[in-house]
K.L.:
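Structure below; questions to follow.
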Amino acid sequence: MKIGYPCINRSIGCKSNKTFRLKSYSEERLIETVDKNLDCLVRILEFNIKHNILFFRITSDLVPFASHPICKFDWQEYFKGRFKEIGNLIESHNIRISMHPDQFVLINSLNNTVFENSLKELNYHVEVLDLMELDTSAKIQIHVGGIYGEKEKSIKRFIERFEKLDETIKRRLVIENDDRRYSLKDCLLLNAETGIPVLFDIFHHELNNSEEKISEAFRLFTKTWRKKDGIPMVDYSSQKKGELKGKHTESIDLEHFKNFLKLTEPFDFDIMLEIKDKEKSALKAMKVALKDDDRFI
DNA sequence: TCACGTCAAGCAGAT
DNA sequence: ATCTGCTTGACGTGA
């Protein structure tokens, strides 16, 4: 059982998600940016190792414009060695990795160009993890997609499109329940049809569910992860107090978190803290977890 | 150094 | 019709 945070570390003074405008694209600019992003990724990982935070989501902005037609540069070859080194660092410290392509990745889009672009974007994510030579427990999480006014047809389209994906993508792809469109129940149905693992987002589940209790939800989604997929992943957040429903809290609510650990006691899983202050909350959560819970070594 | 208009990409609910 | 959230502001021009 591990705790992690996504993409950005706000304490160490560098970012691994630096980008630039399409208009200012040049090969030099790309190389320079990726170089710095990789440097920073190493620094973040070293920070995490030092603090026993062994789950991390790598930013999709690591290589800007990697899936855009403007990018003709063979960054894979150019940075091969660096990716491998980072992969070694990850593996030697047994760090769990995820990536989360953004909202433009839609397997079930009605628009074929959107689908084609999604494939390119997924391929880019796969390349990053493959260049690091990470095993298939390093996952790429996406939402199921749009509804387009016909949910059943859209689910069917997801299944058909998923079946035809390259094995390199399929072996890393997982779906996450979202807060408005596809619930845990929908994701479980998709798992039954395709075998794709379900990443459980507990905050989304609170906003969009079929009244499954937490223990029931855990019993169901954890079963969708096979041995080769690694330990099931969970996205954790809680409601920002006094704000609109669905707004993420600024910093971890430790009472809520302790209760969450209690409710999920029989299960083993890795927790991604989707909380604004990133590593700060991860440090707080680690402290609580190490003290109160023997699932954390 | 700073203000601020705009930024690769989609969907859907809210206003 | 336009804005906003999504995992997240921040790039870069003009002054």
Side-chain angles (χ1 to χ4, degrees), chain A residues 4-10 13-26 29-30 32-33 36-37 40 44 55-71 97-125 139-151 153-155 157-158 161 174-183 199 201-204 207-208 233-240 243-250 252 271-282:
Chain A
Y5 61 95
C7 309
I8 294 168
N9 180 305
R10 308 212 291 197
C14 72
K15 297 213 144 130
S16 62
N17 59 334
K18 279 276 185 193
T19 183
F20 48 87
R21 295 284 178 257
L22 180 57
K23 261 201 223 165
S24 39
Y25 182 92
S26 71
R29 188 74 190 269
L30 180 74
E32 183 199 348
T33 306
K36 285 191 180 149
N37 282 347
C40 185
I44 294 174
F55 187 18
F56 188 65
R57 184 183 298 163
I58 295 175
T59 174
S60 296
D61 288 332
L62 199 63
V63 184
F65 303 104
S67 70
H68 191 281
I70 201 170
C71 178
I97 294 292
S98 68
M99 293 185 84
H100 194 342
D102 58 30
Q103 59 272 31
F104 311 107
V105 170
L106 295 157
I107 298 277
N108 72 354
S109 178
L110 282 172
N111 177 335
N112 207 51
T113 309
V114 172
F115 174 57
E116 294 290 331
N117 290 342
S118 300
L119 288 183
K120 286 183 195 146
E121 185 70 358
L122 285 174
N123 260 323
Y124 151 61
H125 285 77
K139 292 302 187 193
I140 298 169
Q141 64 185 95
I142 57 169
H143 294 291
V144 178
I147 288 176
Y148 312 97
E150 298 177 295
K151 196 168 188 182
K153 277 193 185 170
S154 298
I155 288 179
R157 202 164 46 251
F158 181 97
R161 295 253 177 89
V174 302
I175 45 172
E176 173 191 350
N177 58 305
D178 68 72
D179 56 348
R180 293 211 295 265
R181 306 188 287 244
Y182 293 93
S183 65
L199 186 155
D201 186 309
I202 186 149
F203 191 40
H204 290 161
L207 301 163
N208 179 18
M233 291 179 177
V234 172
D235 281 356
Y236 170 89
S237 183
S238 63
Q239 174 67 36
K240 182 168 177 179
E243 281 273 348
L244 278 178
K245 235 183 159 187
K247 197 125 179 127
H248 289 244
T249 184
E250 285 293 323
I252 191 165
I271 311 170
M272 179 59 62
L273 302 176
E274 289 191 333
I275 295 175
K276 282 228 189 291
D277 69 357
K278 305 284 178 186
E279 77 288 349
K280 276 210 181 78
S281 283

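We name chains A, B, ... by the order of the sequence lines, and we start the count at 1 in each one.
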K.L.:
Among A/E274, A/R57, A/E176, find the one that has a side chain to side chain donor-acceptor pair (under 3.5 Å) with A/H100.
P.N.:
A/E176

K.L.:
Quote, to the nearest angstrom, the P distance that separates B/dA3 from C/dG5.
P.N.:
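Going atom to atom, P in each nucleotide, I get 23 Å.
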
K.L.:
For the residue pair A/N108 and A/G146, what are the closest heavy atoms and their distance?
P.N.:
ND2-O, 3.0 Å

K.L.:
When you compare the ring of A/F104 with the six-membered ring of B/dG10's base, are the centres less than 5.5 Å apart and the planes under 30° from each other?
P.N.:
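Ring-base stacking flag not set for A/F104 and B/dG10.
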
K.L.:
Rounding to an integer number of angstrom, what distance separates C/dT8 and B/dT1 when you compare their C1' atoms?
P.N.:
25 Å

K.L.:
Check A/S98 against A/Q141 and note the closest heavy-atom contact, atom names and distance.
P.N.:
OG-OE1, 3.9 Å

K.L.:
Do the charged groups of A/E116 and A/K120 touch, with an N to O distance under 4.0 Å?
P.N.:
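No.
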
K.L.:
Establish, with yes or no, whether the OP1 or OP2 oxygen of B/dA9 is under 4.0 angstrom from a side-chain nitrogen or oxygen of A/S67.
P.N.:
no

K.L.:
What is the distance, rounded to the nearest whole Å, between atom CD of A/Q103 and atom C1' of C/dT4?
P.N.:
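Taking atom C1' of C/dT4 as the reference, CD of A/Q103 is at 11 Å.
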
K.L.:
Shortest non-hydrogen contact from A/Y148 to A/S109?
P.N.:
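Minimum heavy-atom separation between A/Y148 and A/S109: OH-CA, 3.2 Å.
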
K.L.:
Whether A/H204 contacts C/dT7 is assessed here as follows: a side-chain N or O lying under 4.0 Å from the phosphate OP1 or OP2. Is that the case?
P.N.:
yes

K.L.:
Write down the distance separating the C1' atoms in B/dC4 and C/dC6, rounded off to the nearest Å.
P.N.:
24 Å

K.L.:
What interatomic distance, in whole Å, is found between C1' of C/dG9 and the corresponding atom of B/dA12?
P.N.:
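B/dA12 and C/dG9 have their C1' atoms separated by 22 Å.
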
K.L.:
Nearest heavy-atom pair of A/S60 and A/P101: which atoms, and what distance?
P.N.:
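Taking every non-hydrogen atom into account, OG-CA, 3.7 Å.
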
K.L.:
What nucleotide, of B/dC11, C/dT8, C/dT7, holds the atom closest to the side chain of A/K276?
P.N.:
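When the side chain of A/K276 is considered, C/dT8 is the closest of B/dC11, C/dT8, C/dT7.
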
K.L.:
Using the C1' atom in both, what is the distance from C/dT7 to B/dC2, to the nearest Å?
P.N.:
28 Å

K.L.:
Could you tell me how far apart A/I107 (CD1) and B/dG10 (C1') are, to the nearest whole angstrom?
P.N.:
14 Å

K.L.:
For A/L119 and B/dA9, what is the distance between atoms CG and C1' respectively, to the nearest whole Å?
P.N.:
14 Å

K.L.:
A/E250 has an atom CD; how far is it from atom P of C/dT8, in whole Å?
P.N.:
10 Å

K.L.:
Measure the distance from CG on A/D179 to C1' on C/dT7 and round it to the nearest whole Å.
P.N.:
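The distance from CG of A/D179 to C1' of C/dT7 comes to 12 Å, rounded to the nearest Å.
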
K.L.:
Can you name the ring pair (Phe, Tyr, Trp, His ring centres under 6.0 Å) partners of A/Y236, sequence neighbours left out?
P.N.:
A/H256, A/F257, A/F260

K.L.:
How far, in whole Å, is C/dG12 from B/dA9 if one measures between their P atoms?
P.N.:
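Straight-line distance between the two P atoms is 16 Å.
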
K.L.:
Suppose you measure atom P in B/dC11 against the same atom in C/dA10; what distance do you get, rounded to whole Å?
P.N.:
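Straight-line distance between the two P atoms is 26 Å.
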
K.L.:
When you check every protein heavy atom under 4.0 Å of nucleotides 10-15 of chain C, what one-letter string (B, S, -) results, 5' to 3'?
P.N.:
BBS---

K.L.:
For the residue pair A/F65 and A/Y25, categorise the inter-ring angle as parallel (less than 30°), tilted (30 to 60°) or perpendicular (more than 60°).
P.N.:
perpendicular

K.L.:
Which listed nucleotide (B/dA9, B/dA12, C/dT8) is nearest to the side chain of A/K278?
P.N.:
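From the listed options, C/dT8 comes nearest.
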
K.L.:
Looking for any heavy atom pair under 4.0 Å, which part of the strands does A/P69 touch: base, sugar-phosphate only, or nothing?
P.N.:
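A/P69: no heavy atom of the nucleic acid under 4.0 Å.
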
K.L.:
Have a look at A/S118 and say if it touches a base, only the backbone sugar-phosphate, or nothing, with a 4.0 Å heavy-atom cut-off.
P.N.:
nothing

K.L.:
Mind checking if A/I147 touches a base, just sugar-phosphate, or nothing, with heavy atoms under 4.0 Å?
P.N.:
sugar-phosphate

K.L.:
Over all strands shown, is A/F65 touching base, sugar-phosphate only, or nothing at heavy-atom distances under 4.0 angstrom?
P.N.:
base

K.L.:
Write down the distance between NZ (A/K151) and C1' (B/dC11), rounded to a whole number of angstrom.
P.N.:
14 Å

K.L.:
How many Å lie between CD on A/E176 and P on C/dT7, as a whole number?
P.N.:
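A/E176 atom CD is separated from C/dT7 atom P by 6 Å.
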
K.L.:
Toss me the dot-bracket line for DNA chain C: Watson-Crick and G-U wobble, both under 3.5 Å, 5' to 3', using | for pairs to another strand and [ ] for crossers.
P.N.:
||||||..|||||||

K.L.:
Starting at CZ of A/F158 and ending at P of B/dG10, how long is that distance when rounded to a whole Å?
P.N.:
19 Å

K.L.:
Apply side-chain contact (heavy atoms from CB on, under 4.5 Å) to residues A/I202 and A/D235 and explain how you reach the verdict.
P.N.:
CA-CA 6 Å; A/I202 186 149; A/D235 281 356; over 6 Å; no

K.L.:
Determine, for A/Y5 and A/K280, whether the Lys NZ or Arg CZ falls below 6.0 Å from the six-membered ring centre while staying within 45 degrees of the axis.
P.N.:
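A/K280 over A/Y5 ring: no.
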
K.L.:
Between A/H100 and C/dC6, is there a contact of a side-chain N or O with OP1 or OP2 at under 4.0 Å?
P.N.:
no

K.L.:
Minimum heavy-atom separation for A/D61 to A/N37, with atom names?
P.N.:
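Shortest heavy-atom separation between A/D61 and A/N37 comes out as O-ND2, 3.5 Å.
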
